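Keep in mind that what you see is a predicted model, and the values were worked out from it rather than measured.
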Amino acid sequence: MNNHGSLTVPQPLVRINNWITIVLIVTAWIIQQPLLLFIPTLYFGLGAFLGKNPIILIGKNFLNSQKQYVMEDKDQLRFNSTLAFIMLAIAIISYYIGLSGVYYGFTLMCAVANLGAAFGYCIGCFVRFQWNQYRYRRR
């Protein structure tokens, strides 16, 4: 494994996190059970606020230690986890207060962002870059 310290995460772990999230969201839609979304909300919340995403921690045990992996920035992943946590939390709350359109909108945004990331386009990276540019210009 590439030795970049704790500032990076191997890309296959990020991809599996993306695919698990997509499967959980689509399954929640199909079986019409938004409680299922508590699972990704929990692991994104742990990743965002504690820096410890259980999917990534468990997945590390299955990586080939002899192989070199493309690495992803841990700060970017925390930012993305924060966005996903917020979107899913809003979706769950919206569902339970009767705003099904908001529920589907926010779960769709989260699913699309994860699908894009799974195929190499990080919407969260673009958002973070624009936010940093905005903050820089304000100085």
> What residues form a side chain to side chain donor-acceptor pair (under 3.5 Å) with T21, not counting sequence neighbours?
Replying inline: Y43
> So, the side chain of Y69 versus the backbone of N64: is there a donor-acceptor pair under 3.5 Å, distance only?
Replying inline: yes
>> Measuring only between side-chain heavy atoms, which start at C-beta, is L42 closer than 4.5 Å to F85?
In response: no
> Does I55 belong to the same Ile/Leu/Val/Met/Phe/Trp/Tyr cluster as F79, with side-chain heavy atoms less than 4.5 Å apart forming each link?
Replying inline: yes
> When clusters are formed by joining ILVMFWY residues with side-chain heavy atoms under 4.5 Å apart, either directly or through shared neighbours, do L24 and I31 land in the same one?
Replying inline: yes
> With hydrophobic residues grouped by side-chain heavy-atom distances under 4.5 Å, do Y95 and I39 end up in a single group?
Replying inline: yes
> If you count the non-hydrogen atoms of other residues, nucleotides and ligands that lie under 6.0 Å from CD in Q32, is the total more than 12?
Replying inline: no
> Can you name the nearest heavy-atom pair linking I123 to A113, along with the distance?
Replying inline: CD1-CA, 3.8 Å
> By the rule that ILVMFWY residues connect when side-chain heavy atoms come within less than 4.5 angstrom, directly or transitively, which residues belong alongside F129?
Replying inline: none
>> Hydrophobic cluster membership, with links at side-chain heavy-atom distances under 4.5 Å among I/L/V/M/F/W/Y: are I56 and M71 in one?
In response: yes
> OG/S94 to CE/M87 distance, rounded to the nearest 0.5 angstrom?
Replying inline: 13.0 Å
>> Under a 3.5 Å distance rule, please check whether R138 uses its side chain to pair with a backbone N or O of Q133 as donor and acceptor.
In response: no
> Using a side-chain heavy atom cutoff under 4.5 Å and only I, L, V, M, F, W and Y, what cluster partners does L57 have?
Replying inline: none
>> Looking at every non-hydrogen atom in both residues, tell me the closest pair between N80 and G124 and how far apart they are.
In response: OD1-CA, 3.3 Å
>> Would you say that Q76 contacts V14 through its side chain, given a criterion of any heavy-atom pair below 4.5 Å between the two side chains?
In response: no
> If you group Ile, Leu, Val, Met, Phe, Trp and Tyr whenever their side-chain heavy atoms sit less than 4.5 Å apart, what else falls in with I58?
Replying inline: F62
>> Contact between L88 and I25 at the side-chain level, heavy atoms closer than 4.5 Å - yes or no?
In response: yes
>> Does any part of the side chain of F106, heavy atoms only, come nearer than 4.5 Å to the side chain of L37, both counted from C-beta?
In response: no
>> Please evaluate residues I90 and M109 with respect to the criterion side chain to side chain contact (heavy atoms under 4.5 Å, CB included), reporting the C-alpha separation (whole Å), side-chain torsions for both, the decisive distance (0.1 Å), and the verdict.
In response: CA-CA 11 Å; I90 291 171; M109 285 191 295; over 6 Å; no
>> Would you say that more than 12 heavy atoms from the other residues, nucleotides or ligands in this model lie under 6.0 Å from the OH of Y121, or not?
In response: yes
> Are L83 and L50 grouped together when hydrophobic residues (ILVMFWY) are joined by side-chain heavy atoms under 4.5 angstrom apart?
Replying inline: no
>> What's the separation between atom CG in L36 and atom CD1 in I30, rounded to the nearest 0.5 Å?
In response: 10.5 Å
>> Using the side chain to side chain donor-acceptor pair (under 3.5 Å) criterion, which residues pair with E72? Sequence neighbours excluded.
In response: Q11
> Which atom names give the shortest non-hydrogen contact between L115 and W19, and what distance separates them?
Replying inline: CD1-CH2, 3.8 Å
>> Are N18 and F119 packed together at the side-chain level, in the sense that at least one heavy-atom pair is separated by less than 4.5 angstrom?
In response: no
> Which residues satisfy the salt bridge (charged side-chain N to carboxylate O under 4.0 Å, His left out) test with D75, sequence neighbours excluded?
Replying inline: none
> So, do N17 and L13 sit near enough that their side-chain heavy atoms are less than 4.5 Å apart?
Replying inline: no
>> Using side-chain heavy atoms (C-beta onward) and a distance below 4.5 Å, is W29 in contact with L108?
In response: yes
>> So which atom in I22 and which in A111 form the shortest heavy-atom distance, rounded to 0.1 Å?
In response: CG1-O, 4.0 Å
> Just wondering, do Y96 and Y103 contact through their side chains at under 4.5 Å, heavy atoms?
Replying inline: no
